[in-house]
Novice: 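I have a structure here, written as structure tokens, and I will follow up with some questions on it.
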Amino acid sequence: QVQLVESGGGLVQPGGSLRLSCAASGNIVSINVMGWYRQAPGKQRESVATISRGGSTNYADSVKGRFTISRDNAKNTVYLQMNSLKPEDTAVYYCNAAARWTGAQYWGQGTQVTVSS
């Protein structure tokens with residue numbers, strides 16, 4: 001099993017920045033792709049950014065140029081640097097990890113990001 005714990009959420013003004021962290025523990029050797037998802041009230045959960053074990057990244061069009069996902073394999077941690085935040089970025093952000101062989105999905109508990117003046 002894999003456990004994921006997110007941190008770094010909070011309240012920030014439009015145009016501000018936050019850095020989210022997701023620490024993985026357990027059978028971390030099984031993890032291939034990790035990513036950040038978000039869900040706002042009344043909306044579907046959506047993929048924000050993903051990163052493979054080798055460092056390949058993908059971003060949602062809405063966050064390209066503003067968010068950066070990174071990964072420190074030695075620390076078993078994935079990060080999401082969020083710059084130029086907009087009110088529409090307000091959501092609960094969830095860390096996700098996918099097992100390399102079985103495709104099993106693991107989720108963190110989520111961290112709230114609120115962008116408001």
Side-chain angles (χ1 to χ4, degrees):
Q1 289 286 342
V2 174
Q3 295 80 45
L4 305 173
V5 179
E6 305 101 329
S7 63
L11 175 64
V12 65
Q13 292 184 323
S17 298
L18 285 173
R19 190 192 193 204
L20 306 183
S21 298
C22 174
S25 61
N27 189 22
I28 57 175
V29 70
S30 69
I31 296 174
N32 185 13
V33 175
M34 297 185 70
W36 290 95
Y37 293 70
R38 67 186 181 187
Q39 187 167 26
K43 299 184 67 177
Q44 296 185 44
R45 185 175 298 186
E46 64 177 351
S47 175
V48 177
T50 62
I51 184 168
S52 72
R53 195 182 186 195
S56 298
T57 60
N58 288 100
Y59 296 92
D61 288 342
S62 59
V63 306
K64 286 181 179 177
R66 300 189 298 120
F67 291 10
T68 302
I69 189 170
S70 60
R71 186 170 180 171
D72 187 336
N73 291 328
K75 295 182 178 179
N76 305 316
T77 302
V78 65
Y79 306 93
L80 185 67
Q81 179 67 46
M82 304 185 294
N83 299 325
S84 302
L85 283 162
K86 305 174 181 179
E88 50 263 45
D89 295 318
T90 296
V92 177
Y93 284 70
Y94 298 91
C95 184
N96 169 269
R100 60 192 301 177
W101 301 119
T102 67
Q105 297 280 321
Y106 304 93
W107 295 92
Q109 293 297 305
T111 185
Q112 177 70 48
V113 172
T114 302
V115 184
S116 176
S117 59

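Numbering of residues begins at 1 and proceeds along the displayed sequence.
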Novice: Taking Cys95's backbone N and O only, do any of them form a donor-acceptor pair with Glu6's side chain (distance below 3.5 Å, no angle check)?
Specialist: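 Yes: the side chain of Glu6 pairs with the backbone of Cys95.
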
Novice: Please round to the nearest 0.5 Å and tell me the distance separating atom OG1 of Thr114 and atom CD of Gln13.
Specialist: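 Between Thr114 OG1 and Gln13 CD, I get 13.0 Å after rounding to 0.5 Å.
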
Novice: I need the minimum non-hydrogen distance between Arg66 and Ser84, along with the two atoms involved.
Specialist: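 For Arg66 versus Ser84, the nearest heavy atoms are NH1-O, 3.0 Å.
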
Novice: Between Lys43 and Gln39, which heavy-atom pair has the shortest distance, and what is it?
Specialist: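 So the minimum-distance heavy-atom pair works out to O-NE2, 3.2 Å.
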
Novice: Heavy-atom count around Glu88 CD within 6.0 Å, excluding the residue itself: above 12?
Specialist: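 Atom CD in Glu88 is crowded, with more than 12 foreign heavy atoms closer than 6.0 Å.
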
Novice: If I compare all heavy atoms of Ala60 with all of Ser47, which pair ends up nearest, and what's the gap?
Specialist: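 Heavy atoms of Ala60 and Ser47 come nearest at CB-O, 3.5 Å.
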
Novice: Do the side chain of Arg19 and the main chain of Gly8 share a donor and acceptor less than 3.5 angstrom apart?
Specialist: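 Pair absent, no side-chain N/O of Arg19 close to backbone of Gly8.
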
Novice: For a 4.5 angstrom cut-off between non-hydrogen side-chain atoms, does Thr111 reach Ser7?
Specialist: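 No, side chains not in contact.
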
Novice: Might you point out which heavy atoms bring Ser117 and Pro14 nearest each other, and give the distance in Å?
Specialist: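 Heavy atoms of Ser117 and Pro14 come nearest at N-CD, 3.7 Å.
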
Novice: Would you check if the side chain of Ser30 reaches a backbone N or O of Asn27 as a donor-acceptor pair within less than 3.5 Å?
Specialist: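 Yes, because the side chain of Ser30 sits within donor-acceptor range (under 3.5 Å) of the backbone of Asn27.
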
Novice: Other residues, nucleotides and ligands only: do more than 12 of their heavy atoms fall within 6.0 Å of CD on Gln105?
Specialist: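 For Gln105, atom CD is crowded (more than 12 foreign heavy atoms under 6.0 Å).
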
Novice: Hey, what do you get for CG (Leu11) to CD (Gln112), rounding to the nearest 0.5 Å?
Specialist: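 Reported value, rounded in 0.5 Å steps: 9.5 Å.
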
Novice: Is the shortest side-chain N to carboxylate O distance from Lys86 to Asp89 below 4.0 Å?
Specialist: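 No, this pair does not count.
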
Novice: Rounded to the nearest 0.5 Å, what's the gap from CG on Asn58 to NZ on Lys64? Could you check?
Specialist: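 If I round to the nearest 0.5 Å, the distance is 8.0 Å.
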
Novice: Does atom CD of Gln109 have more than 12 heavy-atom neighbours from other groups under 6.0 Å away?
Specialist: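 No, CD of Gln109 has 12 or fewer neighbouring heavy atoms, counting only those of other groups under 6.0 Å.
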
Novice: Should side-chain heavy atoms under 4.5 Å link Ile, Leu, Val, Met, Phe, Trp and Tyr, which residues sit in the same cluster as Tyr59?
Specialist: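 Val2, Leu4, Val12, Leu18, Leu20, Ile28, Ile31, Met34, Trp36, Val48, Ile51, Val63, Phe67, Ile69, Val78, Leu80, Met82, Leu85, Tyr93, Tyr106, Val113, Val115, listed by chain and number.
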
